[in-house]
S.K.: 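Take this structure first; my questions come after.
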Amino acid sequence: MKPITVIEMNCRSVISSVLSFATLAAVAGDIVLRNDELALTIGDNGQVRSLVYRPTGEECLQPGVGAPVCVITQYRPYDNENFLMFPAKPRSFHSNKCYMSGDTLLAEFTDTYDIVKLKVDITPSYIAFTPVDRDYRIEDYGVKRKTELDELTIMQLPLKKRERFGEWLNVIWDDSVAVALVGTHPTTFIDSRLERDNTTLLAQTHTSVRLFGSGAALIVTRPDSVLDRMDALERDYDMPRGVESRRRPEYPMSYYELRNVTVDNIDRNIEIARKAGLKTMVVYYVDFAKACGHYEWRSEYPRGMADLQEITRKITEAGMIPGIHIHYSKVAVNDPYINNGIPDRRVNVVSRFSLSQPVDEISRTLVVEERPEDVRMEKGRRLLQLGDELIMFTDVTTTPPYTFTGCQRGCFNSRASAHRSGSEVRHLDVDDWPLFIRIDQNSGIQREIAERLGKIYADCGFRFVYFDGAEDIPMPYWYNVSRSQLEVYNAMKPAPMWAEGAQKSHYGWHILSRGNAFDIFPPERIRQAMKRYTLRCAEQVACDFTSVNFGWVNYLAPGEKTIGMQPDMYDYICSKALSWDSPISLVANMPDLERHPRTDDNLQSISMWETAKLDRTVGPELKKAMRDPESEWTIMPRKDGRVEIQRVQQLTPDSMNMTVPVRAFTYEIDDRNTGIIYWNINGESTVTIPGGNIEMKLYTFDGRRLRIHRDKSGRAVLPAGERRVLKVSLPHGEACRLFMDAITN
């Protein structure tokens with residue numbers, strides 16, 4: 001029988017406890033690492049054998065699927081004998097032997113001479129693995145050298161499939177148990193493979209980022225304890241407090257996204273936000289700054305910081321929480337980083353070339369040595385840097401002589417000048433929104449920008465942040481997305497209560513505690529877009545113990561090209577957000593807010609849904625029903641001060657043109673009575689309903705009974721303006737036909 005090494009920490013211990021083992025010598029045989037919740041068995045053959053949830057004894061690995069614990073990947077075989085045997089392509093070498101030495105797990109590999117050392121930390125909440133070093137054995141024959149490592153898989157677990165998989169956090173779970181393999185540092189690459197009969201969780205390090213000193217933690221626990229375990233991990237490894245953020249009572253609060261805000265209109269914006277029941281407010285940096293980069297003050301802010309401080313002070317005094325919406329990983333082309341005559345060389349570069357011929361200050365062509373690969377030809381992105389000169393080109397040849405043609409010299413206030421043969425030509429990483437150029441994350445420019453943003457954040461009392469343009473960074477994405485966010489996040493004091501952002505990476509789970517918003521959709525397509533994107537995302541990130549922002553929701557008044565945002569649209573958005581305990585964001589276009597005839601109805605809808613969400617008055621069964629993408633719901637005030645949530649059906653089609661401006665939704669009161677909620681989308685009119693013998697009652701939306709006027713023919717003439725409720729003593733189908741005949745004939 002093989003010997004077994006059992007390494008265990010009692011859950012009453014704390015992480016500061018030093019692991020104490022019976023021996024410091026290398027021990028062969030199967031290894032069992034365990035705390036009170038999990039037992040991980042690693043075979044002496046380098047394979048993971050078992051992962052047991054100890055409270056129930058459930059095996060979490062997929063039976064019959066073997067996997068090496070550790071894997072070394074080389075982008076080509078580097079060892080002398082290996083590259084003579086194997087093809088010139090990436091090759092993986094699996095661990096074939098594992099053993100313990102003190103608190104260190106050592107792994108050896110097939111066909112290499114490496115011994116990787118992983119420090120093991122066992123705590124009550126998780127078991128962590130940190131690659132700290134490697135040994136390398138040199139044989140006394142052959143041409144041998146210590147070869148490179150490109151990637152190191154420090155743990156992989158082929159798990160049973162379960163009902164839910166949170167790809168962002170890297171957690172698989174159902175109602176009985178959750179298994180997570182998460183990074184302990186932003187330089188850890190976390191991934192998964194969805195196989196036919198299992199889901200494999202992986203943790204890796206890459207030499208292009210950091211091979212040693214990163215790590216991963218294994219958590220096996222009850223689903224309702226995942227956040228407890230993650231909270232312990234965040235505190236032990238000094239991560240952003242993503243769990244603490246998710247548990248804040250303010251976490252579900254929606255926000256009012258200001259547009260064109262100044263000290264002159266902030267009071268009116270606060271008044272509108274209060275009507276919408278919104279308790280947080282976001283300032284977009286483009287309102288106060290000329291450009292991202294140096295964030296110089298716009299002319300609308302003549303007192304600079306003092307004006308912005310007055311705005312945030314008024315927000316705070318109104319009992320609201322101010323947040324800031326920023327671009328941070330790129331600089332604008334009209335910012336001093338670019339347009340001050342000497343462009344900063346710390347922006348990111350797509351490709352580099354060298355001049356094969358000298359050029360004077362008026363030449364319209366640049367001839368280079370290298371074949372142009374990956375040249376961006378989209379409008380606005382054809383930008384070169386040659387010394388301190390910026391040059392826009394029109395085209396490029398892909399056969400010798402390789403030539404950039406149609407060159408516009410001395411762009412963005414740079415100076416056209418002569419350049420020698422051999423000079424470097426840099427093709428700059430212009431954003432796909434070509435107002436910006438992405439920055440080099442390996443330089444110090446991100447820290448400079450973070451410090452400026454940190455000062456604005458602290459001096460103005462901002463408390464949360466939206467990281468816009470998070471996708472606008474260079475490769476490797478998995479690292480630089482959270483790396484750039486973390487630089488800014490750490491500069492913001494006090495730490496943001498929560499953050500949202502445009503792009504998620506694994507480590508960013510600790511930073512972006514509220515996921516993301518989506519770009520705005522037109523009113524006529526708001527439901528389709530919500531179904532296709534936002535609702536799908538909400539269900540997805542719920543598996544990551546996170547919410548998504550049901551926005552940004554634009555505010556548009558009716559016009560020639562749109563019916564504008566209507567109360568039912570806000571009912572749809574806000575009811576779905578409530579069902580997922582998520583915020584919405586209202587984009588505050590003040591001119592549209594002021595001229596929209598139904599602004600009061602729209603704001604009332606938002607306010608009632610927001611209040612119901614924050615008061616937690618909606619039970620789990622109703623929330624589950626409301627998650628159905630095809631379901632429609634409205635919320636109505638009652639005389640006793642409470643609200644009534646009613647499932648409704650859309651009666652009037654979205655395709656109705658502006659000559660029939662009434663919009664209506666219905667619900668069944670009982671078999672013989674029907675409710676119709678209706679309003680005029682762009683003004684005031686009347687609806688004339690025949691049928692003098694039909695009993696009808698008319699109410700304001702908040703339940704006050706109204707008198708129904710009848711004309712000489714006995715027809716009911718109903719006012720159509722703000723939302724009203726008509727109750728008709730007819731079965732649902734008959735009542736719907738009656739009302740539709742009235743508004744279409």
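No hydrogens, no waters, no symmetry mates; every other heavy atom, side chains included, goes into these values.
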S.K.: So, Thr634 versus Gln646: side-chain donor-acceptor pair below 3.5 Å or not?
M.R.: no
S.K.: Using the six-membered ring of Trp679, assess whether NZ or CZ of Arg598 lies under 6.0 Å from its centre and within 45 degrees of the ring axis.
M.R.: no
S.K.: Partners of Leu706 by side chain to side chain contact (heavy atoms under 4.5 Å, CB included), sequence neighbours excluded?
M.R.: Leu698, Thr700, Arg724
S.K.: Any donor and acceptor pair, going by atom type alone, linking the side chain of Ser607 with main-chain N or O of Leu603 inside 3.5 Å?
M.R.: no
S.K.: Could you check whether any side-chain N or O of Ser245 sits under 3.5 Å from a backbone N or O of Arg241, counting only pairs where one atom can act as donor and the other as acceptor?
M.R.: no
S.K.: Rounded at 0.5 Å granularity, tell me how far CG in Asp601 sits from CG in Asp568.
M.R.: 11.0 Å
S.K.: With distance as the sole criterion, is a donor-acceptor pair present between the side chains of Glu250 and Thr280 under 3.5 Å?
M.R.: no
S.K.: Has Lys576 got a side-chain atom pairing as donor or acceptor with Met626's backbone, closer than 3.5 angstrom?
M.R.: yes
S.K.: For the residue pair His325 and Tyr285, confirm or rule out a side-chain donor-acceptor distance under 3.5 Å.
M.R.: no
S.K.: Once salt bridge (charged side-chain N to carboxylate O under 4.0 Å, His left out) is applied, do any residues pair with Glu632, and if so which ones, sequence neighbours excluded?
M.R.: Arg527
S.K.: To the nearest 0.5 Å, how far apart are CG in Leu726 and CD1 in Ile689?
M.R.: 5.0 Å
S.K.: Does Ser631 use its side chain to pair, donor to acceptor, with the backbone of Arg627 at less than 3.5 Å?
M.R.: no
S.K.: For the residue pair Asn516 / Lys504, report whether a side-chain donor-acceptor contact shorter than 3.5 Å exists.
M.R.: yes
S.K.: Are Arg723 and Gln604 linked by a side-chain donor-acceptor pair shorter than 3.5 Å?
M.R.: yes
S.K.: For the residue pair Trp609 / Thr611, report whether a side-chain donor-acceptor contact shorter than 3.5 Å exists.
M.R.: no
S.K.: For Asn673, does its backbone N or O pair with a side-chain atom of Asp670 as donor and acceptor, under 3.5 Å?
M.R.: yes
S.K.: Hey, what do you get for CE (Met608) to SG (Cys574), rounding to the nearest 0.5 Å?
M.R.: 10.0 Å
S.K.: Looking at every non-hydrogen atom in both residues, tell me the closest pair between Lys613 and Ile584 and how far apart they are.
M.R.: NZ-N, 4.4 Å
S.K.: For residues 539-558, which side-chain N or O atoms pair as donor and acceptor with protein atoms under 3.5 Å away, sequence neighbours left out?
M.R.:
from   : atom 1 : to     : atom 2 : distance (Å)
Asp544 : OD1    : Glu167 : N      : 3.4
Asp544 : OD1    : Trp168 : N      : 3.1
Asp544 : OD1    : Leu169 : N      : 2.9
Thr546 : OG1    : Arg246 : NE     : 3.1
Thr546 : OG1    : Arg246 : NH2    : 3.0
Thr546 : OG1    : Trp509 : NE1    : 3.2
Thr546 : OG1    : Asp544 : O      : 3.0
Ser547 : OG     : Tyr251 : OH     : 3.2
Asn549 : OD1    : Gly551 : N      : 3.1
Asn549 : OD1    : Ser585 : N      : 3.4
Asn549 : OD1    : Ser585 : OG     : 3.2
Asn549 : ND2    : Tyr255 : OH     : 3.3
Asn549 : ND2    : Glu500 : OE1    : 3.0
Asn549 : ND2    : Glu500 : OE2    : 3.2
Trp552 : NE1    : Tyr255 : OH     : 3.1
Asn554 : OD1    : Asn589 : ND2    : 2.6
Tyr555 : OH     : Thr599 : OG1    : 2.7
Tyr555 : OH     : Asn602 : ND2    : 2.9

